[in-house]
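Labels below follow one simple rule: chain letters A, B, ... track the order of the sequence lines, proteins then strands, and each chain is numbered from 1. Treat the numbers as computed from the prediction; the structure is a model and nothing was measured.
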Amino acid sequence: MNAPTKIVTRFPPSPTGFLHIGSARTALFSWLYARHHGGTFLLRIEDTDRERSTQAAVDAIFEGMKWLGLDWDNKDVVFQFARRDLHAKVAYEMLEKGLAYKCYCTQAELEEMRNHQKANGLPMRYDGRWRDRTDHPKDLPFVVRLKAPQTGETTVKDRVRGEVTVQNSQLDDMVLLRSDNTPTYMLSVVVDDHDMGVNTIIRGDDHFTNTFRQVQIIKAMGWPMPEYAHVPLIHGSDGQKFSKRHGALGVDEYRKMGYLPEAMRNYLLRLGWSHGDDEFITTKQAIEWFNLEHIVSSPARFDYVKLDSVNAHYMREMADADLANEIAPRLQEITGNAVTDAQVAMLAKGMAGLKQRAKNLKELAESAVFYVLSRPLPLNDGAKKILTTDAKAMLAQLRTVIDGLNDFSAHSIETAIKDHATAQGKKMGDAAQPLRAALSGSNVSPPIFEVASILGKQEVLARINDVL
RNA sequence: GACCCCUUCGUCUAGAGGCCUAGGACAUUACCCUUUCACGGUAGUAACACGGGUUCGAAUCCCGUAGGGGUCGCCA
């Protein structure tokens, strides 16, 4: 009997820039898969590119993962560079066993070879010229290359792609160890995944062809074969590659734009995975439902409009007080003034009317700013247009009406103003719109009697006076 | 160029040979609600890339074509 294998997944970003949104999705999938199976989700920083790796990028990865709520199980995150000697050891072991060989080609020589191949329409791959040579020069730098099988075929079983077979003649002898004795990525990933006990590799489709090469190392070493699941890439909204130059952003940017982590998770999950017709999937449900079978096999386009709608949904589900606290720093940034506790309380009261009018935290803060702005309020063009002489005359009357109110509930204010407007032979809008302009400085706001009630009689009267 | 993968409404997707006159969501259009803007409600427009097979029957299986993507580094 086979003992049930504990699922071990991993997320191995390289710290050479921000945490890419596409990477965030494969991280999410890997995390979900591990959590679903009660397995382990590991984080490994692939910092072997010393030129491009930075501490800032490492921090960005940690922060991005935390923000997204993707917790990893290895308290000591693996840094790949620190394990380079272990990787090199494997290369030498393979050399000894005759599974690899030394290649003394210079960069220039390789370049010439590739140019020749390109010019003649030949497949571009290393031709194995040192594979069987024994006349090794002394004291010259060399790289260690895998002695890959040249005949037959290699089949990769992928949980998304199915079984894919490639002729071994298509694969060349890749470099395992560089001439400076450092391991290449191809070697490092395989060794690390093996040593970390990773048995399920969920990663971007851009790694798919690499898999055939990596499988050669695993086979040569006689290690257990992990399960692969290659997830199609995310494209930009125009269908083009989602690169830094082409609209791709780091997760931190999405936070700044005002998206909620739970909304990001839901959106990213649905972008490339489905559970029937379900659109809003909580993280709890996602863990319960996630599988590899329903990963979509074609690339998806990133769509802000849909993200907005998902985000709007989660914002409306959030507690008003939490939302008020969430936008406080943004308001402070807009107004330049600290937001007081009393103001946060006021914002919480106004949140019901505010949150159904915004798609993200940024919009929410912008639409809420009139609550905390100090008087006199700046008026936007719409408000200026509303505040005609007639409108001001109406406001002057409303001032008296409002001043006489004992019950300052939204309903009470509405009734009083409606009655007054009707008595004057005017429509509700003739009173409500000028009031909106005075209280919010805008022609667009939450229900204005609700706003008035939350603002309080004193502030309402003062704001009316400001525009008269 | 070689190899590999992908192709359902504008977008994300459901679809495992008859349940499909192809469903849902976002977007969009119209109407309703309404003090503004939204929210909400109702209705609508809108897709199986193309061509051949297989089958009584194909969005679903096979082949080809076209389009798109990925990989071909001493980057990861």
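If you check C37(B) for Watson-Crick or wobble pairing at under 3.5 angstrom, you find it has no partner at all. The pairing partner recorded for C3(B) is G70(B), the criterion being a Watson-Crick or G-U wobble arrangement whose two distances lie under 3.5 angstrom. Taking a pair to require two hydrogen-bonding distances under 3.5 Å in either a Watson-Crick or a G-U wobble arrangement, A49(B) pairs with U65(B). Figure legend. A16(B) is base-paired to no nucleotide; pairs are counted as Watson-Crick or G-U wobble with both atom distances under 3.5 Å. Under the Watson-Crick or G-U wobble criterion, with both distances below 3.5 Å, A43(B) is paired with U29(B). Applying the Watson-Crick and G-U wobble criteria (two distances, each under 3.5 Å), A59(B) pairs with nothing in any strand.
Here the closest heavy-atom approach between residue Met94(A) and residue Ala220(A) is recorded as CE-CB, 3.8 Å.
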Strictly under 3.5 Å: I want the nitrogen or oxygen pairs between protein and nucleotides 66-73 of chain B, one per line.
| residue | atom | partner | partner atom | Å |
| --- | --- | --- | --- | --- |
| U71(B) | O4' | Thr209(A) | OG1 | 2.9 |
| U71(B) | O2' | Thr209(A) | OG1 | 3.4 |
| C72(B) | O2' | Met124(A) | O | 2.4 |

- Query: Just by protein heavy atoms under 4.0 Å, how would nucleotides 14-33 of chain B read 5' to 3' in B, S and -?
  - Reply: SS-------BBBSS------
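When heavy atoms are screened at a 4.0 angstrom cut-off, Thr182(A) is found touching no nucleic acid atom at all. Pro447(A) comes within 4.0 angstrom of a nucleotide base, judged by non-hydrogen atoms across all strands. The residue Pro13(A) sits apart from the nucleic acid: no heavy atom pair falls under 4.0 Å. Within the nucleic acid shown, Gln107(A) comes within 4.0 Å of at least one base atom, counting heavy atoms only. Among the atoms of the strands shown, none is found under 4.0 Å from any heavy atom of Gly353(A). Counting any heavy atom pair closer than 4.0 Å across all strands shown, Phe449(A) reaches a base atom. As judged by a 4.0 angstrom heavy-atom cut-off over every strand, Leu271(A) is placed among residues touching the sugar-phosphate backbone only. Among the atoms of the strands shown, none is found under 4.0 Å from any heavy atom of Cys103(A).
With C1' as the reference atom, C26(B) and A46(B) are 13 Å apart, rounded to whole Å. Taking atom C1' in both A27(B) and U45(B), the straight-line distance is 12 Å, to the nearest Å. Here, G41(B) and G24(B) have their P atoms 14 Å apart, quoted to the whole Å. Nucleotides A38(B) and C31(B) are separated by 14 Å at their P atoms, to the nearest Å. Annotation: G1(B) and A59(B) have their C1' atoms spaced 34 Å apart (nearest Å). With both ends at atom P, the span from A76(B) to C61(B) equals 39 Å, rounded to whole Å. Taking atom P in both G57(B) and U21(B), the straight-line distance is 16 Å, to the nearest Å. Across the C1' atoms, G10(B) and C5(B) are found 25 Å apart, a figure rounded to whole Å.
Under the rule for a side-chain contact (heavy atoms from CB on, under 4.5 Å), the partners of Asp419(A) that lie at least two apart in sequence or sit in another chain are Thr415(A). Applying the salt bridge (Lys or Arg N to Asp or Glu O under 4.0 Å) test to Lys362(A) and every residue at least two apart in sequence or in another chain returns Glu366(A). With sequence neighbours excluded, no residue forms a side-chain hydrogen bond (donor to acceptor under 3.5 Å, both in side chains) with Gln356(A). Residues passing the ring-ring contact (aromatic ring centres under 6.0 Å, His included) test with His294(A): none are found, sequence neighbours excluded. Taking Pro378(A) as the reference, Leu373(A) meet the side-chain contact (heavy atoms from CB on, under 4.5 Å) condition, with sequence neighbours excluded. In this structure Val166(A) satisfies the side-chain contact (heavy atoms from CB on, under 4.5 Å) test together with Gln170(A), Leu171(A), Phe212(A), sequence neighbours excluded. Listed by chain and residue number, nothing satisfies the ring-ring contact (aromatic ring centres under 6.0 Å, His included) test with Tyr101(A) (two or more places apart in sequence, or in another chain). Evaluation of the ring-ring contact (aromatic ring centres under 6.0 Å, His included) rule for Phe62(A) yields Trp72(A) as partners, not counting sequence neighbours.
Residue side chain Ser179(A) reaches the base of C74(B) through a donor-acceptor N/O pair under 3.5 Å, judged by distance alone.
No more than 12 heavy atoms of other residues, nucleotides or ligands shown are found within 6.0 angstrom of CD on Glu51(A). A 6.0 Å sphere centred on NZ of Lys219(A) holds more than 12 heavy atoms belonging to other residues, nucleotides or ligands.
When each of Tyr104(A) and Val444(A) is assigned the nucleotide of RNA chain B bearing its nearest heavy atom, the one mapping closer to the 5' terminus is Val444(A). Both Pro183(A) and Val164(A) lie close to RNA chain B; mapped to their nearest nucleotides by heavy-atom distance, the more 5′-ward contact belongs to Val164(A).
Rounded to whole angstrom, the span from the CG atom of Asp158(A) across to the C1' atom of C5(B) amounts to 10 Å. Rounded to an integer number of Å, the gap from Met351(A) CE to A38(B) P is 20 Å. In this structure, Asp278(A) places its CG atom 15 Å from P of U13(B), rounding to the nearest Å. For the pair Leu387(A) CG and U36(B) C1', the interatomic distance rounds to 13 Å; values are reported in whole Å. Atom NE2 of His20(A) is separated from atom P of A76(B) by 19 Å (rounded to the nearest Å). What separates CD of Gln356(A) from C1' of U36(B) is a distance of 13 Å, to the nearest Å. Counting to the nearest Å, the P atom of A76(B) and the CZ atom of Phe81(A) are 11 Å from each other. In this entry the distance linking NE2 of His313(A) with P of C12(B) reads 21 Å, nearest Å.
Residues of residues 434-443 of chain A that place a heavy atom closer than 4.0 Å to RNA chain B, in numerical order, are Arg436(A), Asn443(A).
Side-chain proximity of Glu414(A) to the nucleotides U7(B), U35(B), A38(B) is greatest for U35(B). Side-chain atoms of Ala300(A) lie closest to U13(B) of the nucleotides U35(B), A76(B), U13(B).
An OP1 or OP2 oxygen of A76(B) is reached within less than 4.0 angstrom by a side-chain nitrogen or oxygen of Thr48(A).
In this structure, Tyr259(A) and Tyr254(A) have tilted ring planes: the angle between them lies in the 30° to 60° band.
Residue Met394(A) holds its CE atom at 6.0 Å from CG of Asp430(A), rounded to the nearest 0.5 Å.
With Arg159(A) contributing its side chain and Gly162(A) its backbone, the two residues share no donor-acceptor pair below 3.5 Å.
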Which pairs of donor and acceptor atoms, one on a side chain in residues 22-29 of chain A, lie under 3.5 Å apart (sequence neighbours left out)?
| residue | atom | partner | partner atom | Å |
| --- | --- | --- | --- | --- |
| Arg25(A) | NH1 | Leu271(A) | O | 2.4 |
| Arg25(A) | NH2 | Pro232(A) | O | 2.4 |
| Thr26(A) | OG1 | Ser23(A) | O | 2.9 |

